[in-house]
Amino acid sequence: MRARLSLLLGAISAALVAFALTSAHVVAADKVDPVADAKAFQNFFFQKFPNVKHEDFVNGPYSMNEDLKRQWQEKEEFPPYEFALDAGKEMFATPFKNGKTYADCFPNGGIGIRQNYPYFDEKEGRVVTLELALNRCREANGEAPYSYVKDEMASLTAYMAFTSRGKPMDIKIPDDPRALAAFENGKRYFYTRRGQMNFSCASCHVQSPGERIRAEILAPALGIVNAMPIYRSEWSGMGTTSRRFVTCNSQTRAVPLEPQADEYRDVEYFLSYVANGLPISGPGARP
Amino acid sequence: MTTTTGPHPTRRLILQGAASVALIGLGNLPFAAAHAAANDKYPEEAFKQKSEADAIKALYGRNAEPSDKVKLDAPEIAENGGVVPVSVTTTLDKVTSISFLVAENPFALAASYKIADGTIPGVANRLKMAKSTKLVAIVEADGKLYSATKDVKVTVGGCGG
Amino acid sequence: MKRAIPLAMLLALGLAPAARAANEADYKAAYAAAEAAAKEAASLRHQWTTTISTLATAKKAADGGDFDRATAAAKEAKALAKASIFQATSEKEAWKAMEIR
Amino acid sequence: MASSIRVRANANGDITEVQALIQHPMDTGLVKDSKGELIPAHFIQELKFECNGKDVFVANWGTAVSKDPYVKFSFKGAKKGDELKISWTDNKGASDTTTAKIA
């Protein structure tokens, strides 16, 4: 008797979940309005922090705290990501075994294009981030892909970000239901609570930017990926966007997904799109 | 002194004896001198001392007195214990040495700088601090020691893990 | 003397249920249930790191023969996994409450 | 391989401000690696700045100096175009040196 009951219960809850999923999908598809979302997102932060200059939001915690900003500006005179930048520049110019270089894989030779990443690839029907494109380029030229969370990838993206410094973020969402779905999926991931701490990205970066979380000041979500990749004193090393997502997850005691998982690429797509117009400030230095 | 095969071993022994006696006699002077002037060799001993008082004694041979002419700048809450920007400037003149000590670190002495004349008495660097600690800056000016201290809070960042 | 008897009874009662220590079979059942729940949480991509570490503690305790602690840890792991499953399903809609509109 | 020392020396008037950033792990010898073994101490002990044949600044460092160490100081008596020689040695006897023109 008990077994049959739990079986029944399981079936009902499964059906419920399935129904919720499809309905959300159907409802979401026609309701998704990235332009309105981006405007609302930016206005939320502009109103919450009226005296922070719009372009300052890309400086994360330093836009929230004067003392920290002074320490940062002093560090920026001789930033700790200097070595990664030089290494990235050298790697970018070093040809692969087959003679080609990264410049052959990217529009404009890969210089000054970081602000258009991530983009939605209509052939593949999914979001392609700068890190994924770099590894694609390596594999297309017979080279082994780099780890998404280690220094080589950080050095490459640091150099490409540096060539786009100051250019406004310029992410496009093609009129393609799959692109809208990816944007929505990213937005859902951003607001979904996870881990035993039961935090979502928004719990910290929307509800309490500027406040301290133990020794650190929380960065606002607006413009938070504009500074990627970042040199973090805590890691005493470079960190790619993937490394940041993975470590953020484990801090809330959520088991991280594999780097460049759909959710991570989509949430980067969402965060980059809503920051359109704000300057690229990568590579960044952070606590 | 050592290369000659000296036919009169006794003479050499006497000479060596005399030399060593002289050394002992002067025992404290050269060391004191070594302490007073910023010695050239790496102050191995001072860097091995655990406590800040022992490290100062090993490095300079005497104690320092607090002075408001030594301006020590360090964050109240360290952004990160591994990279704490710390700097010191002073209006004292004839400065020959500046040192930084982090009291709560396993080994107190963090860094010691020799200031040649003509060099502005001031240094900025980035230090590691194991935990919330007293930070001490020592300035050796005209043979006397002056100090400034500041408390720095150090804790981890992030929310959990 | 009269008062002492009920006290002794109370004590005896209190001890009775805990007398039978958990044995390996109890542990195996509890661990299997916990593992199933953890698998489901993983499939929803909402696993908690503490579920995995508690499962590991249960296994280590069991390997050490301490089935009391092992069963307790396995039960806790199952509770954690169930909580993460609840979080995954409830957040399917709940996230909208936080959305900036 | 590019030098491990990045240095900037700018003279304004008689005072030259020098900033240096050095690529070095500065391991304390107290930290364990992922396999639980102690990473041996490996840190720069002496860093010397020479200009016009004179040691203008000598740093003696312990294990409490941050990874990729940074130092800033100023000195008098040099002018634009003078050469600044920077060299360091660490506790393993490794060393590196570079020269920079004062801007």
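Below, chain A is the first sequence line, B the second, and so on; all start at residue 1.
- Heavy atoms closer than 4.5 Å to chain D are found in the side chain of P106(B), but not in its backbone.
- Heavy-atom distances place no part of I44(D) under 4.5 Å from chain B, backbone and side chain included.
- Side-chain contact between F57(D) and V123(B) is present, with at least one heavy-atom pair separated by less than 4.5 Å.
- Only the side chain of K54(D) comes within less than 4.5 Å of a heavy atom in chain B; its backbone stays farther off.
- Other residues, nucleotides and ligands contribute only 12 or fewer heavy atoms inside 6.0 Å of the CG atom of D117(B).
- Interface remark: F49(D) contributes no atoms to any contact with chain B (heavy atom separation under 4.5 Å).
- Note on M26(D), Q45(D), E46(D), K76(D): by heavy-atom pairs under 4.5 Å with chain B, the leading option is Q45(D).
- For E76(B), the CD atom sits in a loose shell: 12 or fewer heavy atoms of surrounding residues, nucleotides or ligands are nearer than 6.0 Å.
- At distances below 3.5 Å, at least one donor-acceptor pair connects side-chain atoms of S66(D) with backbone N or O atoms of G82(B).
- In the displayed structure, K92(D) atom NZ is contacted under 6.0 Å by more than 12 heavy atoms of other residues, nucleotides or ligands.
- In this structure, chain D has no heavy atom under 4.5 Å from any part of V86(B).
- Here the closest heavy-atom approach between residue A111(B) and residue W61(D) is recorded as CB-CD1, 3.6 Å.
- Here the side chains of Y113(B) and N60(D) are not in contact, with every heavy-atom distance at 4.5 Å or above.
- Exactly one residue among T63(D), V65(D), T28(D) makes a side chain to side chain contact (heavy atoms under 4.5 Å, CB included) with K128(B). That residue is T28(D).
- Heavy atoms of L47(D) lying under 4.5 Å from chain B are absent altogether.
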